[in-house]
Amino acid sequence: MMDKTKHLMDTFIPYGRQDINQADIDAVLSVLHSDWLTQGPMIERFEHAVANYCGADYAVAVSNATAALHIACLALELSQDDIVWTSPNSYVASANCARYCGAKVDFVDIDLNTYNMSVAALRLKLEHANKNNTLPTVVIPVHFAGQSCEMNEIKKLADQYGFKIIADAAHAIGASYYDQKVGACVNADMTVFSFHPVKVMTTAEGGMVLTNNKSLADKLLRLRTHGVTRNPDLLQNKAEGPWYYEQHELGFNYRMTDLQAALGVSQLARLDGFIASRHQLAEVYDDALKDLPLSLPLQQDDSYSALHLYPVLLRESADISRLELFNAMRAANIGVNVHYIPIYRQPYYQQFNYRVDDFPNMEKYYATTLTLPLYPTLTMDEQAYIIETLRSLLQ
Ligand SMILES: *Cc1c(COP(=O)(O)O)cnc(C)c1O
């Protein structure tokens with residue numbers, strides 16, 4: 001072990017963490033000193049800033065990305081009569097949102113180059129579903145690790161088979177695909193971001209839905225606040241006075257606070273810098289790990305990843321198991337992790353009788369993957385320590 005990195009063994013290095021500076025802190029403090037802690041002016045400012053950044057017409061900020069996925073599903077009027085397909089290589093939220101609406105969930109196997117939903121597997125599954133009358137109403141592709149799915153291809157299939165697309169871009173704010181920002185909703189009806197602290201930028205808890213469809217945006221706004229509207233154009237009855245509001249459907253309190261939105265505005269200004277730092281660190285890993293028995297994450301030519309995660313796959317030629325490697329790295333205080341346990345393997349989802357044989361790529365991926373720490377404030381010394389530790393275990 002390198003001498004200068006010895007001290008690092010005493011402090012835990014997580015796989016991801018936030019980067020908060022004085023400007024972020026000042027932004028939150030100024031809201032605390034203001035009249036509005038929630039439902040004030042910062043929410044719209046944050047929504048406009050993100051919509052503008054991504055090139056989308058509308059953005060609706062909510063309490064977290066799970067809530068964002070939920071109201072996105074509700075805005076598409078999903079019910080128990082519907083089927084939703086998503087990627088098994090995701091956090092459970094990508095599937096749970098459909099279950100909240102009573103819809104059936106199924107999964108599409110992943111591609112072993114990008115670890116995203118495989119377009120070939122999607123096409124094949126659609127052909128079968130078309131014959132059996134089990135086509136999905138909605139497909140939720142997940143931009144895993146911050147790299148966009150092949151949305152041009154998925155959109156073509158959506159037009160052919162008539163399903164809607166909710167892009168789960170919880171990992172991918174700031175990423176782009178063919179010169180369009182993820183979130184521009186060129187090939188998706190709606191796109192969802194997460195601002196959880198381990199993600200690319202943070203509002204502590206927080207999420208957002210983007211869309212170019214005005215009626216979806218109006219619906220999302222209502223669903224965020226109890227299904228209630230004060231908009232005079234939308235009222236069904238004559239306003240009885242200035243206090244008047246109407247509830248039109250069963251919505252939720254999924255509001256973001258102004259404290260969070262202020263943090264979001266401040267973080268958004270730093271987003272491109274965060275992602276540039278992630279790319280620099282990833283290049284160091286790419287170079288330092290290329291001779292080890294690991295498959296390193298590929299960057300597609302047509303896209304720029306937000307690099308939320310840096311997953312490596314342990315090759316068969318390694319003479320250590322993934323579990324042994326995981327435990328040895330954790331023993332060295334390095335917070336490696338596994339993203340993700342296939343959703344269909346969760347006990348809750350096992351009641352629906354998925355067959356692991358239907359997802360050979362996901363199974364292969366899950367058996368060997370390990371996420372290395374990657375975040376803007378990871379220091380060169382810390383990264384050198386992570387690399388040295390990995391090399392010593394794998395050589
Ligand atoms: C984190 C995450 C979510 C949920 O985000 P929250 O803001 O924590 O609700 C959804 N989908 C994916 C792919 C995620 O990684």
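Counting starts at 1 for both ligands and their atoms, in listed order. The model shown is predicted, which means the values in this text are computed figures rather than measured ones.
Remark: Asp109 does not engage Lys125 in a salt bridge, criterion side-chain N to carboxylate O under 4.0 Å. Between Asp291 and Arg391, at least one side-chain N (NZ, or NE/NH1/NH2) sits under 4.0 Å from a carboxylate O, which counts as a salt bridge. Look at Asp218 and Lys214 and you find a salt bridge, because one of the NZ, NE, NH1 or NH2 atoms lies within 4.0 Å of a carboxylate O, short of that distance. Using a 4.0 Å cut-off between charged side-chain N and carboxylate O, Glu363 and Arg345 make a salt bridge.
Ligand 1 has at least one atom lying under 4.0 Å from a heavy atom of Ser94. Residue contact annotation: His339 has no non-hydrogen atom under 4.0 Å from ligand 1. At least one heavy atom of Gly206 sits less than 4.0 Å from an atom of ligand 1.
With a 4.0 Å cut-off on non-hydrogen atoms, Thr66 touches ligand 1 through its backbone as well as its side chain. Only the side chain of Tyr340 comes within contact range of ligand 1, with a heavy atom under 4.0 Å; no backbone atom does.
Under the ring-ring contact (aromatic ring centres under 6.0 Å, His included) rule, His171 has a single partner from His143, His308, His196, which is His308. For the side chain to side chain contact (heavy atoms under 4.5 Å, CB included) criterion with Leu259, the lone passing option out of Thr203, Leu29, Thr38, Leu32 is Leu32.
Note: no N/O pair closer than 3.5 Å links Ser90 and ligand 1 by distance alone. Taking distance alone, with nitrogen or oxygen atoms compared against 3.5 Å, Ala65 approaches ligand 1 more closely than that limit.
Those atoms of ligand 1 with a heavy atom of Val142 less than 4.0 angstrom away are 13 (C). Set against the non-hydrogen atoms of Ser194, the atoms of ligand 1 under 4.0 Å away are 5 (O), 6 (P), 7 (O).
Among protein heavy atoms, atom 11 (N) of ligand 1 sits closest to Asp168 OD2, 2.8 Å. Scanning the protein heavy atoms around atom 3 (C) of ligand 1, the nearest turns out to be Lys199 NZ, 3.7 Å. Distance from atom 12 (C) of ligand 1 to its nearest protein heavy atom, with residue and atom name: Ala170 CB, 3.4 Å.
No more than 12 heavy atoms of other residues, nucleotides or ligands shown are found within 6.0 angstrom of OH on Tyr245. Heavy atoms of other residues, nucleotides or ligands lying less than 6.0 angstrom from CG of Leu250 number 12 at most.
The ring of His339 has its center no closer than 6.0 angstrom to the ring center of Tyr115.
With atom 15 (O) of ligand 1 as the reference point, the heavy atom nearest to it among His171, His70, Glu205 is part of His171.
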